Amino acid sequence: MIEDAKKGMAKEQQANTHITVLLNEAVEFLITDKNGFYVDGTFGRGGHSGSILNELSANGCLLSIDKDPQAIGVGNSLFGDDARFELAQCSFAEMKTLVEQKNKLGKVTGILLDLGVSSPQLDQAERGFSFSNDGPLDMRMDDSAGITASEWVNSAAESEIVRILKDYGEERFARRMAKAILKERELEPITTTLRLAKIIAEAHPAWERGKHPATKAFQAIRIHINDELKDLEQVLDDTLDMLAVGGRLAIISFHSLEDRRVKRFIQRHVKGDELPAGLPVTEDKLNKRLKSVGKMIKAGKQELDNNPRARSAVMRVAEKIT
């Protein structure tokens, strides 16, 4: 069983050219009980899930989740014959419902979230995530549901485009870019990634060395189209109901918008209730729910040499204490 999982992981790496970020670190911090019940909220191409299965006993279980139909196909191919493994196509915002259906609320040993976009999604032009490879302007993680980036870009009000680029891309030239998008879509609908990238690049007055000028804008539109931050906030709130005491939460973020939310969530529940200064309350009354495990973890030199996309990855780990 374990050898099959290892072979599956090797095939996955070759077939999908996706290098899993912080693989060893994530699994090392996550696994506290080889007989436990774990959830991988972002299956991707199965790197983390495969390593988790390698560490579990015959009595352990893993529920993996992903929005992407391609990821589901990979998961069923790699691990579909493993009785310890279950795969669901949905957002990790729906994780609590799945856990509740399995009668595992308050019994989950560990939850892993590897946020962001997988390499195959970026590299497949037809998925519409890339500003380097031309393809239809889609950007949906689940390309069978919701509106495409093209539909949004061609219909959203200027004020909404400005807000999304500012809030989700931290793009200081959002207004210039939004005006350019509205001007160009009047001439012809914006339907391809390279056309949108060109419009944004030409509206960007201060290109950074070594960074495509459409990077932040594409990130912002992708986050909006997939409700990424809303889904993250939902699953963070739900983790305290799902985890067992002693259960761990490990989250890998790839940009500051995600990491800030994760950091604040952990800090809030490590600190406990906010009470007025000077109130005579003992530590045990503060309703502290989590403790931090280790320090913030980033990819080491060897991993960065093998996978430059890991340079922005940050992992934070917390453990439920009550």
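Here, residue 1 is the first one in the sequence, and each next residue gets the next number. Please read all numbers here as calculations on a predicted model, not as lab measurements.
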Point to revise | Check: Ile223 main-chain N/O paired with Asp227 side-chain donor or acceptor under 3.5 Å | key: no
**Study point:** Closest approach of Phe43 to Gly75 (non-hydrogen atoms, all atoms of both residues)
**Key:** CZ-CA, 3.3 Å
Practice item. Mind telling me whether Trp152 and His224 have parallel, tilted or perpendicular rings, with 30° and 60° as the class edges? Key: tilted
**Study point:** CZ-CG distance between Arg140 and Asn226, expressed to the nearest 0.5 angstrom
**Key:** 9.5 Å
Exercise for review: Might you point out which heavy atoms bring Phe129 and Met139 nearest each other, and give the distance in Å?
Suggested key: CE2-O, 3.1 Å
**Study point:** For the student: nearest non-hydrogen atoms of Lys107 and Phe37, plus distance
**Key:** O-CB, 4.4 Å
**Study point:** Whether Arg176 side chain and His204 backbone form a donor-acceptor pair below 3.5 Å
**Key:** no
**Study point:** Test item: Leu23 and Val21 side chains (from C-beta on) under 4.5 Å apart, heavy atoms
**Key:** no
**Study point:** Over all atoms of both residues, closest heavy-atom pair of Val162 and Ala174
**Key:** O-CB, 3.7 Å
Exercise for review: Say whether, by atom type as modelled, one donor and one acceptor occur between the side chain of Arg248 and the main chain of Lys320 under 3.5 angstrom.
Suggested key: no
Revision key, fill the gap. Looking only at heavy atoms, the pair that brings Glu303 and Thr20 closest together is OE2-O, 3.9 Å
Exercise for review: Look at atom CZ of Arg175 and say whether more than 12 heavy atoms of other residues, nucleotides or ligands are closer to it than 6.0 Å.
Suggested key: no
Check your understanding: Of the non-hydrogen atoms in Leu63 and Leu98, which two are nearest, and what is the gap between them?
Key -> CD2-CB, 4.1 Å
